[in-house]
Amino acid sequence: MNVISVRSIDEKFFRETISRASDFKQELKTRDYEKTLKNCLVTLCFFEPSTRTYQSFQTAAKHLGAEVNGFESAKSTSVQKGETLADTLRNMQSYNPSCIIMRHPAEGSAKYAAEILEVPVINAGDGANQHPTQTMLDVFTIEEQGGLDDKKISLVGDLKHARTMHSLPYGIGLMGYENVTMNFVSPPGLEMPGKIIREIREYGFEIVQSNDLLSASDSDFVYACRIQKERFEDRMLAEQFQEKFRLDDDFIKRVENKGMKILHPLPIAGEISPSVYETRHAHWFTQSGNGVPVRMTLLNKVISNE
Amino acid sequence: MSEIKVNKIRDGCVVDHVPVGRGLTLLHLLELEDESYVLLSKCDSASRGVKDVVKIYDYSLSEKQLRLVSIVAPTSTYNVIRDYDVVGKQELESPPRFEGLAHCPNPNCVTNHSRIGSIDNKFVVRGEGEEIECAYCEKSYDPPALEWLA
């Protein structure tokens, strides 16, 4: 059982993970959970740095009683000496892990790892392609706030490049919510790729696209991400876009839905004003914390099929 | 528009019912060198409205070339002509996936990274060949945009 891409995850597996994660979240509060992965080894192969995902997986594994090994950066590995990705992974597999969790800058690298290895592989991010466990925790966060039946979610920011934005609609689709309005809000030129819009139409969403941030003011959820300034030749233009699409006091004053939750995959790099952190809408740290119960559930399912 | 008359070929092959616009792509991919050929673009088609047609004189497509045609022009028909008669006809179907015929153009695809190990290019054909998706990086391309291997 590999977890590589949200586009190929089994629907039943996805929903079971979301459902079971809420049990783990409750059990974490009272430390009343079973260490089901004693005598298991979880290997983290992070070829590029990631604070949250690495720590979250490590925490999840340790809560379940597993041993953890691996590396946080390629700098500490024989990749520096020219070793191939295949050889590095096969070497880590030789220490008999129960699963390998991998982050690598090359798109498709997790799929490749799953092909050449005999142990389960969980994709913790492959370049700009997929980050399926982020999608799982995002959807879990939405589900624990009541789900999306008859509701509206706005995805705001650089929808062209952000992989979390590309994956989330598929994750929402896998939950089978009904009557969902999905509002894609972005600066001109950074719209959601047409291929994704074509594919997610099969989930029956009402899909709206806008270049106006205020179109998100009546949403039940706003999922924001940064403008990827490093992709702009004209940095002034990037700054203007960030200014125009920043969630700030002015946006909060115009929010029509008092129960709106604002989500963000982190890190926040200026697209949300500090004053918004103190509002009832700020939900991104709860969202981030949900990574632990979700990843505990996933490790359990992948390693011991529970 | 005045009619254009194209004579039947005596010996060779005809790829008929090519989706409009794909005829030129086909010719490019087939890498014909000394062969004579005719490309008819946007012809009337009783069954499909409009089509492209490729006629190649004194030539038969190889297995590899037929695979390419089935991917790039999945709705086409391959006809073998001998002495003005159609002696063989094959309706081509796009395979759902294929390996090794092309490179993924995405520079950040794992198939284009150095120091990976042994890896073959693999693709998934979407719809009726409108898009070809790299099985690794999941990016989609129009068939002409792929880096087809010689």
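Since this is a predicted model, take the numbers as computed values, not measurements. Proteins get letters first, then strands, A, B, ... in listed order; numbering begins at 1 in each.
When heavy atoms are compared at a cutoff of 4.5 Å, B:Asn112 does not approach chain A at all. Only the side chain of A:Arg198 comes within contact range of chain B, judged by heavy atoms closer than 4.5 Å. Proximity to chain A (any heavy atom under 4.5 Å) is shown, for B:Lys139, by both the backbone and the side chain. In this structure, the portion of A:Glu83 lying under 4.5 Å from any heavy atom of chain B is its backbone and not its side chain. For chain A, the nearby part of B:Ser118 is the backbone; its heavy atoms alone come within less than 4.5 Å.
Of the N and O atoms on the side chains of B:Tyr141 and B:Glu147, not one donor lies less than 3.5 Å from an acceptor on the other residue. For the residue pair A:Ser5 and B:Glu138, a side-chain donor N or O sits within less than 3.5 Å of a side-chain acceptor on the partner. A donor and an acceptor atom, one from each side chain of B:Thr75 and B:Arg22, are nowhere located under 3.5 Å apart.
If you tally non-hydrogen atom pairs under 4.5 Å between each of B:Cys137, B:Ser140, B:Cys104 and chain A, the highest count goes to B:Cys137. For the options A:Leu89, A:Thr84, A:Leu85, heavy-atom pairs under 4.5 Å to chain B are most numerous at A:Thr84. Highest contact tally toward chain B, considering only A:Gly82, A:Pro193, A:Ala110, is held by A:Gly82 [criterion: heavy-atom pairs under 4.5 Å].
Put simply, the side chain of A:Asn123 never gets that close to the backbone of A:His131: no donor and acceptor are under 3.5 Å apart.
Counting heavy atoms of neighbouring residues, nucleotides and ligands inside a 6.0 Å radius, atom OH of B:Tyr37 does not exceed 12 of them.
Between B:Phe123 and B:Phe98, the ring planes lie parallel to each other; the angle is under 30°, not in the 30° to 60° tilted range.
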